[in-house]
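Below is one structure; the comments refer to it alone.
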Amino acid sequence: MLNKYARVAIARVMTPLARLLVRAGISPDIVTLLGTLGVCAGALGFFPRGELFWGTIVITCFVFSDVVDGTMARLSGRSSVWGAWLDSSTDRAGDAAIFGGIAVWGAHGGHDDWVAGLALYGLVAGSLVSYVKARAEGLGMRANVGIMERSDRLVTILVAAGLDGLGVPYVLAIALWAVAIGATLTVVQRTILVRSQAIALPGADAERAV
Ligand SMILES: CCCCCCCC/C=C\CCCCCCCC(=O)OC[C@H](COP(=O)(O)O[C@@H]1[C@H](O)[C@H](OP(=O)(O)O)[C@@H](O)[C@H](O)[C@H]1O)OC(=O)CCCCCCC/C=C\CCCCCCCC
Ligand SMILES: Nc1ccn([C@@H]2O[C@H](COP(=O)(O)O)[C@@H](O)[C@H]2O)c(=O)n1
Ligand SMILES: [Mg+2]
Ligand SMILES: [Mg+2]
């Protein structure tokens, strides 16, 4: 949903920074890679130790690089297939670090099996959301729908982790439930969309197994 309603506004806010980086001769790929490293370091360095507030702050500082890299690529006319693949693939690493870090915290220091289990579920369901789309696109269809796309999952979990780190009770568990249910529904929404396209394909295309 945020992807649909907030993307243009966020990209506009990030454009001056993107322009500055392009002028400095920095490539979008470097921003993609450094952003992912920062997100992973913030998530794995802080979350497993229960430092949810500081983990969230570090991740938030780096996560917007995912908007900056694409803006840089478009500004400099360097959008590429390689860049698109790199961007999407590194997203998966960052997501895994965030949800994995929370799962480790729940299972160990946090002593909360629900947090551990729901974070693990959120990691797997979120990956499935992305995979369903990637596979559909690979087969020439689209699956760009859903109530809990990546930006929705990130905002939900990061706001909750930040608030939990400040001592607000229950908010993390509520957010994890929201991601678990929302991501599951998103897989269903995407599956329905893919199914409607697949059954409308002509015979030869429908039998094609790629
Ligand atoms: C007191 C509490 C302290 C807490 C303080 C910190 C709070 C931090 C809160 C939020 C910050 C989180 C921001 C998250 C921003 C996400 C940015 C982002 O990921 O943008 C990337 C995205 C680009 O998407 P792509 O198309 O490149 O990626 C695609 C995606 O990976 C697909 O995945 P799928 O959906 O399928 O699972 C892949 O399939 C696809 O291949 C891949 O290409 O850009 C956007 O989506 C643009 C929209 C970004 C909207 C961000 C809005 C953030 C707005 C406000 C933050 C609110 C902060 C409020 C704080 C309140 C605290 C109480
Ligand atoms: N290193 C990169 C990163 C991105 N791109 C291009 O931007 C598109 C993604 O845009 P976002 O605003 O979602 O980041 C991606 O599909 C590529 O076309 C790139 O070329 N190199
Ligand atoms: Mg990006
Ligand atoms: Mg990305």
Side-chain angles (χ1 to χ4, degrees), residues 1-44 47 55-102 122-159 161 179 182-183 186-187 190 193-194:
M1 286 193 294
L2 279 172
N3 200 28
K4 193 169 165 190
Y5 297 111
R7 189 186 186 95
V8 173
I10 297 282
R12 196 172 295 144
V13 171
M14 292 294 161
T15 297
L17 174 62
R19 191 168 285 130
L20 203 74
L21 293 171
V22 168
R23 284 211 190 111
I26 294 167
S27 95
D29 291 356
I30 295 292
V31 173
T32 305
L33 291 171
L34 286 181
T36 304
L37 269 180
V39 167
C40 291
L44 297 176
F47 283 174
T56 302
I57 295 296
V58 173
I59 293 166
T60 303
C61 289
F62 284 96
V63 80
F64 286 100
S65 64
D66 197 6
V67 182
V68 174
D69 57 2
T71 309
M72 288 173 68
R74 285 183 286 277
L75 282 174
S76 58
R78 288 171 71 175
S79 293
S80 64
V81 171
W82 159 254
W85 178 87
L86 184 70
D87 188 314
S88 296
S89 303
T90 51
D91 284 352
R92 308 288 80 80
D95 294 356
I98 291 170
F99 283 89
I102 294 174
L123 197 167
V124 174
S127 303
L128 198 54
V129 166
S130 311
Y131 178 80
V132 163
K133 182 172 156 203
R135 183 68 174 133
E137 288 173 348
L139 290 166
M141 294 178 280
R142 62 184 186 88
N144 55 337
V145 292
I147 58 166
M148 200 51 96
E149 294 183 291
R150 180 170 185 254
S151 43
D152 307 304
R153 298 195 297 275
L154 286 181
V155 170
T156 305
I157 203 66
L158 290 177
V159 170
V179 170
T186 301
V187 172
R190 290 185 173 186
L193 180 59
V194 168

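Just so you know, ligand 1 is whichever comes first in the structure, and atom 1 is the first atom listed for that ligand.
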Handout entry: Contact check, side chains of Asp66 and Thr90, non-hydrogen atoms, under 4.5 Å
Key = no
Exercise for the section: Compare all side-chain heavy atoms of Thr56 with those of Phe47 and state whether any distance is below 4.5 angstrom. Expected result: yes
[X] side chain vs [Y] backbone, donor-acceptor pair below 3.5 Å:
X: Arg190; Y: Val145; result: yes
X: Thr156; Y: Val179; result: no
X: Asp152; Y: Leu2; result: yes

Handout entry: Pick from Ser65, Ala73, Ala18: the one approaching atom 5 (N) of ligand 2 most closely through a non-hydrogen atom
Key = Ala73
Exercise for the section: Starting from the C-alpha separation in whole Å, work towards a yes-or-no answer on side-chain contact (heavy atoms from CB on, under 4.5 Å) for Val129 and Met148. Expected result: CA-CA 9 Å; Val129 166; Met148 200 51 96; over 6 Å; no
Using a strict 4.0 Å cut-off to heavy atoms of [X], name the atoms of ligand 2 that fall inside it.
X: Gly70; answer: 4 (C), 7 (O), 10 (O), 11 (P), 12 (O), 14 (O)
X: Ala84; answer: 15 (C), 16 (O), 17 (C)
X: Ser79; answer: 18 (O), 20 (O)
X: Arg78; answer: 20 (O)

Practice task
Tell me, please: is Met72 in heavy-atom contact with ligand 2, that is, under 4.0 Å?
Solution key: no
Handout entry: Name, closest N/O/S atom of Asp69 to the Mg ion (ligand 3)
Key = OD1
Exercise for the section: Decide side-chain contact (heavy atoms from CB on, under 4.5 Å) for Ser88 and Lys133; before the verdict, give the C-alpha distance in whole Å, the side-chain angles of both, and the deciding distance to 0.1 Å. Expected result: CA-CA 11 Å; Ser88 296; Lys133 182 172 156 203; over 6 Å; no
Exercise for the section: Kindly confirm whether the Mg ion (ligand 3) is within less than 2.8 Å of some N/O/S atom in Asp91? Expected result: no
Counting only heavy atoms closer than 4.0 Å, does ligand 2 sit against the backbone of [X], its side chain, both, or neither?
X: Thr32; result: side chain
X: Arg74; result: side chain
X: Arg7; result: side chain

Practice task
Considering just N/O/S atoms, say which atom of Asp87 is closest to the Mg ion (ligand 4).
Solution key: OD1
Completion exercise
Looking at Asp66, the N/O/S atom that lies nearest to the Mg ion (ligand 4) is called OD1
Completion exercise
Those residues at least two apart in sequence (or on a different chain) that pass side-chain contact (heavy atoms from CB on, under 4.5 Å) with Ser80 are Trp82
Problem - Asp66-ligand 2 polar pair, N/O distance under 3.5 Å - result: yes
Tabulate below the donor-acceptor pairs under 3.5 Å that side-chain atoms of residues 9-28 make, not counting sequence neighbours, or state none.
| from | atom 1 | to | atom 2 | distance (Å) |
| --- | --- | --- | --- | --- |
| Thr15 | OG1 | Ala11 | O | 2.7 |
| Ser27 | OG | Asp29 | N | 3.3 |
| Ser27 | OG | Ile30 | N | 3.3 |

